[in-house]
Amino acid sequence: MTKADMRQTVPTDVYLSFVSSLFDNRATLFTGMVVHIVTFVAVYVQTQAPFYIFLACCFAFVFANRLYWFFQFDKLDKSKLSRAEIARWERRYVLGAASTAAILGIGSGYALLAFEETFAELACIAVTMASMVSVVGRNYGSRLAVDLQTLACCVPMVIGSLLAHDMFKALLALMLIPFGLTTRAMANGVREFLYDNVIASREMAKIADRFDTALSNMTHGLLMLDPDNRIEVINRKACDLLHLGERSRLQGCDLDVALRYGVRHTFVDGAMPHLLQKQLAQLVQGATSRAVMHFSDALVLEFSASKRDEGGVVLIFEDVTARISADRKILHMARYDGLTGLPQRGYFGDLVRERLEWTGDHGTQVGFMIVDVDDFKHVNDFKGHLNGDRLLVAIGERLTLLADGVAVVGHLVGDQFVLFFPNADDQDDLEPQMRSLHAQAAGYYDIEGLRLPVAFSAGGAVLPSDGLLMEDWPVKVDIALFEAKSRAKGSFTLFVEEMDARYNESQRLKADLRAAIADNGITVMYQPMYTPDGRDVKCCEALARWTHPDKGPIAPNIFIQVAEEMGMVAEITRQVLRMACRDCLTWPETIAVSVNLSVHDLRGEGLVDVVRAILADTGLPAGRLHLEVTESSLIEELSAARAVLDTLRAMGITISIDDFGTGFSSLSYLDTLPIDIVKIDRSFVRDIGENARRLKLLRGIVSLARGLDLKIVVEGVETAEQLALLAKYHCADLIQGYVYSMPIFSQAVPQRVRQAQAKAGKSKADVA
């Protein structure tokens, strides 16, 4: 905003508030008019000049006209005024104010020119100067009003002083010029100061509202304490978990007092408060950074703490009751079978044999079906293992009900169920029966207050009962299930002989990949990470590639998945890591290399030793190596990942979270894991130009990460429009995507660096 044209650039609501301020304080306006009229009448009485009676009448006329428009302005519904209408009301006010000032100025100028009477000159000039001083306090809301009133007051006095041919009056005229300019500058300064404060207040209100919204929608409880252990900020989830009531009354309350309030309301057992307060005190004092607190049998909370620079501490906690209960249940399940009450694998095989022997060998067909719960791991991870077990029990009950009199149901392992259709009615086609049962099993399951949607992938096989080998049917239904999962989740596929060929082809692909890994046949390409302005390359991400001798290039998402199924992804990581470190040594020393780690790398042993050995062999400084871990792998292996990443980071290696925001994010790990960089997934960037909500979400993630002093890398940036938005809102420290570069070979990296630096040099030259 420029000083010369504030009225055209301020928001409409701020402009309206400025104009409204002009129509306020009518008592001062009335007082001023009375003083003006009385003064000019007194001058008339003293000088007998009829001109001042005329001016007094003009005052009265102008005042009546202004009063009329003031009352009209009061009747308006100001919320419906357009900017043009507000401007018209401003002009009406300015016309009246300028008229009043002109009358004062003319009266003063005439007194300086026509009289030598001290009273006439003094009275007129005193009233005029007083009115000019009031311009600052009353008319700051309109630059035009200030300018016109200043000119209307001063110009006639300057003219009258100069025409009087009096040296001292001429000097007075010259003094009026800086006085008028000072008055104008003061009014403009007041207006600009108020505008800046209004805008700042609005921005602060927006930030506070966003912060409050974020806190209110967190799945974790949050407490922010000052150095005196008083609550500065508490979110709604914290109040619910701690049973502290309305959060507005907790502001400034001592944490110990709040906990005692919870005790009085049977929040915890009477003997527990002292122990809980001791654990919390250790967190607040920094003696520990994380603690699991058993408030009661029905509530277990896990707390993490981080110190604030200005003193005090931030406590983040979540309800882990279901997870703790599920862990106990899993331990029990490791020793005992029978969670669902269904036959386990061995006994199910015995039941099949019994039914086959009972039906006899008369050429009937029998059916087998494996049912696999889609995305069952998500239920375990995010609803708790206890709820996962309950879901399995509910699924077993529904399958048993649907299969009553039709099939035998068994629980193979984990989230897989198996059904045997003995075909007691000797039907010609069992497939419709299988499909019907598969469709009816899917749907919503009510689990302890949770309503979970469940879908199943299923594979089936219809085989002749005579000569059936028990080792044949599991292979065929497994192949059918594999085919169903590869087609679409929630589908059912019946085994046909062609599936054997596809399955064998998959096995051959695995064998070829195993051979390629053994022969170091995995190659690496690199995608540079640029600064947002494209003038420098800071890092390159290593991307594994495999070219099959017959099939050509195999997509990474395919062969990496195959490698994970084979348990060989760790070997690919080692090869890529070694090649990446060697290649990085051929690049400028300012360029780092980034290598992806899989969940299997974090789960396995020896990763730290492998990284240390490769760095020693290649001679690459640890500071030039970045290791990326996906959000999902962190969640799956949180405890193991924390220990491994702590060690790697202590070696000087930079740690990044890859694909941030695509999983079921947990805010606590951002605070507790040794993370330096957050890589925001391309899905948040794809349509930020058209989807304002997506852009707000992206900016919120960036704000959260920056608040934790994490660097931001945005990947998948493909268009100039996306790049411009990211730069406009300062959403990235580094940009990775096709907008700057596709994946390239190692030899091309130095050239890209030189091109970026040349671009930076050219820009500097242009500026110079």
Quick one: does [X]'s side chain get under 4.5 Å of [Y]'s, heavy atoms only?
| X | Y | answer |
| --- | --- | --- |
| H411 | P343 | no |
| Y445 | L450 | no |
| L223 | V314 | no |
| L222 | I234 | no |
| R694 | L698 | no |
| F492 | M369 | yes |
| L602 | V629 | yes |
| H626 | I655 | no |

For A580, what residues pass the side-chain contact (heavy atoms from CB on, under 4.5 Å) criterion, not counting sequence neighbours? Y526, A542, V593, V595
How would you list, by chain and number, every residue that makes a side-chain contact (heavy atoms from CB on, under 4.5 Å) with P227, sequence neighbours excluded? none
Minimal non-hydrogen separation, [X] against [Y], with atom names:
| X | Y | answer |
| --- | --- | --- |
| S457 | G490 | OG-N, 3.3 Å |
| T340 | L392 | CG2-O, 3.7 Å |
| E715 | V685 | O-CG2, 4.0 Å |
| R682 | G716 | NH1-CA, 3.3 Å |
| Q736 | V713 | OE1-CG1, 4.3 Å |
| A441 | L399 | CB-CD2, 3.8 Å |

Gap between atom [atom2] of [Y] and atom [atom1] of [X] - 0.5 Å precision:
| X | Y | atom1 | atom2 | result |
| --- | --- | --- | --- | --- |
| T654 | L625 | OG1 | CG | 8.0 Å |
| L615 | I653 | CG | CD1 | 5.0 Å |
| F417 | L412 | CZ | CG | 9.5 Å |
| L419 | I370 | CG | CD1 | 10.0 Å |
| T321 | L301 | OG1 | CG | 6.5 Å |
| S656 | I675 | OG | CD1 | 9.5 Å |

Would you find a donor on one side and an acceptor on the other, under 3.5 Å apart, between the side chain of [X] and the backbone of [Y]?
| X | Y | result |
| --- | --- | --- |
| D226 | R230 | yes |
| N235 | H220 | yes |
| T573 | L597 | no |
| S491 | R487 | no |
| N387 | K383 | yes |
| S598 | H600 | yes |

Lys/Arg N to Asp/Glu carboxylate O, D374 vs K489, below 4.0 Å: no
The criterion is salt bridge (Lys or Arg N to Asp or Glu O under 4.0 Å); which residues satisfy it with [X], sequence neighbours excluded?
| X | result |
| --- | --- |
| E232 | R308 |
| R398 | none |
| K485 | D372 |
| D404 | none |

T493 side chain to E483 side chain, donor-acceptor N/O pair below 3.5 angstrom: no
Applying ring-ring contact (aromatic ring centres under 6.0 Å, His included), can you list everything that pairs with F456, at least two apart in sequence or on another chain? none
Contacts of type ring-ring contact (aromatic ring centres under 6.0 Å, His included), residue F376, not counting sequence neighbours: none
Carefully, step by step, assess L577 and L627 under the rule side chain to side chain contact (heavy atoms under 4.5 Å, CB included). CA-CA 9 Å; L577 182 61; L627 294 178; 4.2 Å; yes
Among all residues two or more places apart in sequence or in another chain, which pass the side chain to side chain donor-acceptor pair (under 3.5 Å) test with [X]?
| X | value |
| --- | --- |
| D676 | R649 |
| E397 | none |
| R706 | D733 |
| S703 | none |

May I have the step-by-step check of side chain to side chain contact (heavy atoms under 4.5 Å, CB included) for V393 and L391, ending in yes or no? CA-CA 5 Å; V393 172; L391 177 61; over 6 Å; no
Using 30° and 60° as the class limits, which term best fits the ring planes of F317 and F303: parallel, tilted or perpendicular? parallel
Before giving the answer on side chain to side chain contact (heavy atoms under 4.5 Å, CB included), spell out for R390 and L386 the whole-Å C-alpha distance, their side-chain angles and the decisive distance to 0.1 Å. CA-CA 6 Å; R390 289 169 175 165; L386 180 58; 3.5 Å; yes
Between I657 and I677, is a side chain to side chain contact (heavy atoms under 4.5 Å, CB included) present by the stated rule, with each step listed? CA-CA 6 Å; I657 298 180; I677 298 173; over 6 Å; no
